[in-house]
Amino acid sequence: MDRLFLKYVTVLLLAIFIVYSANNLISAEETVGDRDQRYATTQEILFALVEPKLEKIIHDKYSKEMVWNVFDVKEVAFVMDHKNNEAWFKMDLFIAVGDPEDAKIDSISLKVDAPNIGGEHTKSNGEIKDITVDLIKYGSSN
């Protein structure tokens with residue numbers, strides 16, 4: 001029970017970081033040797049993880065390559081399914097699809113899961129892998 005509580009608190013803190021960093025306007029850049037470093041928000045890191053799957057979901061929906069951008073993050077929630085002893089993040093997003101002058105706003109709900117989120121799992125070797133991103137619901141504005 002104590003381990004589950006610690007996981008819940010960790011996920012809650014991550015969700016709070018994501019929500020409150022969405023409006024972060026700080027852009028600190030630093031040049032170190034041959035590379036530039038800049039501040040990255042938790043939202044940018046999260047999108048980097050789910051972007052390939054979002055690209056595929058949008059391509060499958062429109063049956064072609066589309067220009068798209070995340071317009072807004074409605075909610076990121078930690079879901080604990082006690083019946084099946086599973087846990088995951090649910091992300092609700094609004095995306096702008098199409099040319100910027102004539103973009104449509106679609107809504108997407110995603111299930112983001114990894115072996116180390118809630119429930120029983122084996123010890124990690126420090127690698128981040130086996131993250132799955134599944135479509136829960138796609139709402140189109142057309």
Side-chain angles (χ1 to χ4, degrees), residues 1-30 32 34-142:
M1 184 66 167
D2 199 45
R3 191 174 182 191
L4 182 60
F5 177 74
L6 182 59
K7 289 178 186 177
Y8 177 76
V9 169
T10 303
V11 170
L12 183 62
L13 289 174
L14 179 63
I16 289 170
F17 267 121
I18 291 169
V19 170
Y20 286 106
S21 68
N23 294 327
N24 194 343
L25 299 177
I26 297 174
S27 178
E29 292 191 22
E30 175 183 345
V32 179
D34 292 338
R35 62 180 183 196
D36 290 334
Q37 290 181 202
R38 71 173 191 85
Y39 176 80
T41 65
T42 52
Q43 180 173 321
E44 290 172 319
I45 295 167
L46 186 59
F47 288 149
L49 294 173
V50 300
E51 182 179 12
K53 183 65 175 191
L54 269 174
E55 184 75 37
K56 182 178 180 342
I57 289 168
I58 295 165
H59 181 273
D60 291 349
K61 175 68 180 171
Y62 288 93
S63 301
K64 63 179 180 177
E65 293 294 321
M66 297 293 290
V67 175
W68 64 275
N69 281 307
V70 175
F71 179 72
D72 189 23
V73 178
K74 180 180 176 188
E75 179 180 36
V76 177
F78 177 68
V79 177
M80 183 66 155
D81 181 353
H82 296 286
K83 181 179 173 186
N84 296 315
N85 196 27
E86 295 179 338
W88 65 86
F89 292 105
K90 180 182 177 207
M91 290 179 57
D92 293 325
L93 312 169
F94 291 107
I95 57 167
V97 181
D99 294 323
E101 306 87 39
D102 191 31
K104 297 177 175 104
I105 304 298
D106 292 351
S107 63
I108 296 180
S109 290
L110 299 174
K111 174 183 177 180
V112 181
D113 194 10
N116 62 331
I117 300 176
E120 293 299 319
H121 62 277
T122 58
K123 294 255 185 210
S124 171
N125 63 0
E127 294 182 21
I128 299 174
K129 59 181 181 178
D130 300 328
I131 295 174
T132 60
V133 179
D134 298 313
L135 178 65
I136 297 173
K137 182 180 178 183
Y138 194 106
S140 182
S141 61
N142 55 355

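Proximity of Phe94 to Asp106: side-chain heavy atoms (C-beta onward) are nowhere separated by under 4.5 Å. Using a 4.5 Å cut-off on side-chain heavy atoms (C-beta onward), Met66 and His59 make no contact. Between Met91 and Ser109 there is no side-chain heavy-atom pair separated by less than 4.5 Å.
Applying the salt bridge (charged side-chain N to carboxylate O under 4.0 Å, His left out) test to every pair with at least one member in residues 39-59, sequence neighbours left out, gives these pairs: Arg38-Glu44, Lys56-Asp60.
For the pair Asp81 (side chain) and Lys83 (backbone), a donor-acceptor distance under 3.5 Å is present.
Rounded to the nearest 0.5 Å, atoms CD1 (Ile136) and NZ (Lys90) are 5.5 Å apart. Note: Asn69 CG to Leu54 CG = 11.0 Å, rounded to the nearest 0.5 Å.
In this structure, Phe47 places its CZ atom where more than 12 heavy-atom neighbours from other residues, nucleotides or ligands lie under 6.0 Å away.
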Could you walk me through whether Asp113 and Thr132 satisfy the side chain to side chain donor-acceptor pair (under 3.5 Å) test, starting with their C-alpha distance in whole Å, then the side-chain angles of each, then the deciding distance to 0.1 Å, before giving a yes or no? CA-CA 5 Å; Asp113 194 10; Thr132 60; 4.5 Å; no

List the steps, then state whether side-chain contact (heavy atoms from CB on, under 4.5 Å) holds for Ser140 with Lys104. CA-CA 8 Å; Ser140 182; Lys104 297 177 175 104; 5.8 Å; no

Please step through side-chain contact (heavy atoms from CB on, under 4.5 Å) for the pair Ile95 and Ile105, ending with a clear verdict. CA-CA 6 Å; Ile95 57 167; Ile105 304 298; over 6 Å; no

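Heavy atoms only, all atoms of each residue included: Phe71 and Ala96 are closest at CB-N, 4.0 Å. Shortest non-hydrogen contact noted between Tyr62 and Val97 is CE1-CG1, 3.7 Å. Shown here for Trp88 and Val112, the closest heavy-atom pair between the two residues is CB-O, 3.4 Å.
Applying the side-chain hydrogen bond (donor to acceptor under 3.5 Å, both in side chains) criterion to Asp99, with sequence neighbours excluded, gives no partner residue.
Looking at Ile108, Asp92, Leu93 one by one, the single match for side chain to side chain contact (heavy atoms under 4.5 Å, CB included) with Lys74 turns out to be Asp92.
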